[in-house]
Asks: 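Below is the structure I would like to discuss, written out as structure tokens.
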Amino acid sequence: MTGYVFPPAPQAAVPVDDGLLFPVRRIFCVGRNYAAHALEMGGAPDREPPFFFTKPADAIVTGGANVPYPTATANLHHEMELVIAIGTAGADIAEADVLDHVFGYAAGIDLTRRDLQDEAKKARRPWDMSKGFDHSAPIGTIAPASGIGHPAKGAIALTIDGQPRQSSDISLMIWSVPEIVAHLSRLVQLEPGDLIFTGTPEGVGAVKAGETMEGMIEGVGTVTAKIVGR
Ligand code: MN
């Protein structure tokens with residue numbers, strides 16, 4: 001029997017609507033999953049296979065807690081997204097079986113250092129530091145699929161200080177929830193606790209210290225985060 005050289009980090013967790021906690025294992029994110037957002041980023045809205053990047057589990061921010069404006073950026077962007085919460089392990093999952101692996105859904109914001117991401121794209125470098133920084137994944141409570149089902153359509157929107165910034169419908173996702181989960185499960189074995197951010201619609205833009213983001217997904221839930229100065 002040996003002990004840790006220092007205490008392990010606390011388990012990252014997201015509140016579930018019923019009051020229990022969903023322990024977070026990994027955070028996967030889909031890039032470019034709405035045609036109108038692909039266009040605004042200078043890309044093509046075709047059905048190229050979905051691609052993924054990751055954030056550390058402890059990047060989540062829950063309970064509407066404040067988000068410190070990150071270091072090393074002058075262009076922090078909001079990306080409002082539907083989040084899938086995996087409840088049952090699986091690899092090489094068939095699309096028809098995907099919903100059996102989904103515990104529930106939440107509203108989340110994929111915060112992005114857009115200036116660093118633009119530099120990384122130009123230099124053909126990884127996105128880690130533009131996407132996976134501390135406090136980069138505010139998320140609302142998880143609604144179990146046993147209560148809300150599996151949403152395939154419904155409004156998705158984000159406001160800043162009450163002003164509309166993003167407004168779309170999750171039915172406009174290029175890749176659906178079953179397609180995303182099936183594809184990702186061919187790249188990694190999915191495990192309970194994995195979260196998947198499914199991409200953002202158009203209207204992304206800068207958010208500044210002192211501003212409050214409020215996001216909603218019809219039939220799923222809400223997410224709130226205030227950016228504060230460091
Ligand atoms: Mn995103």
Side-chain angles (χ1 to χ4, degrees), residues 14 24 26-57 59-61 67 70 73 75-86 105-121 125-140 142 151 154-160 165-177 179-181 183-184 187-188 194-207 213-217 220-225 227:
V14 181
V24 180
R26 295 172 294 187
I27 303 175
F28 300 97
C29 307
V30 182
R32 211 178 289 145
N33 199 28
Y34 289 77
H37 173 63
L39 284 169
E40 77 178 349
M41 297 305 291
D46 50 17
R47 263 174 75 94
E48 65 180 12
F51 65 93
F52 298 91
F53 58 90
T54 62
K55 295 175 186 263
I60 57 165
V61 179
V67 174
T73 184
N75 195 17
L76 179 67
H77 271 209
H78 55 82
E79 296 190 356
M80 179 64 205
E81 311 197 0
L82 172 70
V83 181
I84 306 165
I86 298 293
Y105 299 88
I109 304 172
D110 167 18
L111 287 174
T112 302
R113 285 164 163 153
R114 191 70 74 200
D115 40 6
L116 294 199
Q117 188 195 30
D118 289 344
E119 286 172 22
K121 284 178 176 174
R125 287 179 180 156
W127 289 4
D128 300 52
M129 293 302 111
S130 61
K131 287 291 196 177
F133 50 93
D134 299 341
H135 314 290
S136 60
I139 186 168
I142 293 174
I156 179 170
L158 182 135
T159 63
I160 295 182
R165 296 296 182 92
Q166 293 188 266
S167 180
S168 185
D169 194 289
I170 58 172
S171 65
L172 296 175
M173 293 199 299
I174 294 172
W175 296 94
S176 68
V177 167
E179 289 170 334
I180 290 166
V181 174
H183 195 94
L184 183 56
L187 297 168
V188 294
D194 288 339
L195 296 175
I196 307 169
F197 282 62
T198 59
T200 193
E202 71 276 20
V204 301
V207 57
M213 299 172 286
E214 291 188 282
M216 65 77 64
I217 300 174
V220 173
T222 60
V223 56
T224 301
I227 305 292

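We count ligands from 1, going down the list as the structure has it; atoms in each ligand are counted the same way.
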Asks: What residues, two or more places apart in sequence or in another chain, satisfy ring-ring contact (aromatic ring centres under 6.0 Å, His included) together with F53?
Replies: W127

Asks: Residues two or more places apart in sequence or in another chain: which of them pass ring-ring contact (aromatic ring centres under 6.0 Å, His included) with Y105?
Replies: H150

Asks: Say you draw a straight line from OG1 of T200 to CG of D110; how long is it, rounded to the nearest 0.5 Å?
Replies: 7.5 Å

Asks: Given a threshold of 2.8 Å, state how many protein N/O/S atoms are nearer than that to the Mn ion (ligand 1).
Replies: 3

Asks: Step by step, work out the salt bridge (charged side-chain N to carboxylate O under 4.0 Å, His left out) result for R114 and E79.
Replies: CA-CA 11 Å; R114 191 70 74 200; E79 296 190 356; 2.8 Å; yes

Asks: Applying the side-chain contact (heavy atoms from CB on, under 4.5 Å) criterion to M213, which one of T224, V223, I160 satisfies it?
Replies: I160

Asks: Name all residues meeting the salt bridge (Lys or Arg N to Asp or Glu O under 4.0 Å) criterion together with E48; count only those two or more places apart in sequence or in a different chain, and write none if there are none.
Replies: R32

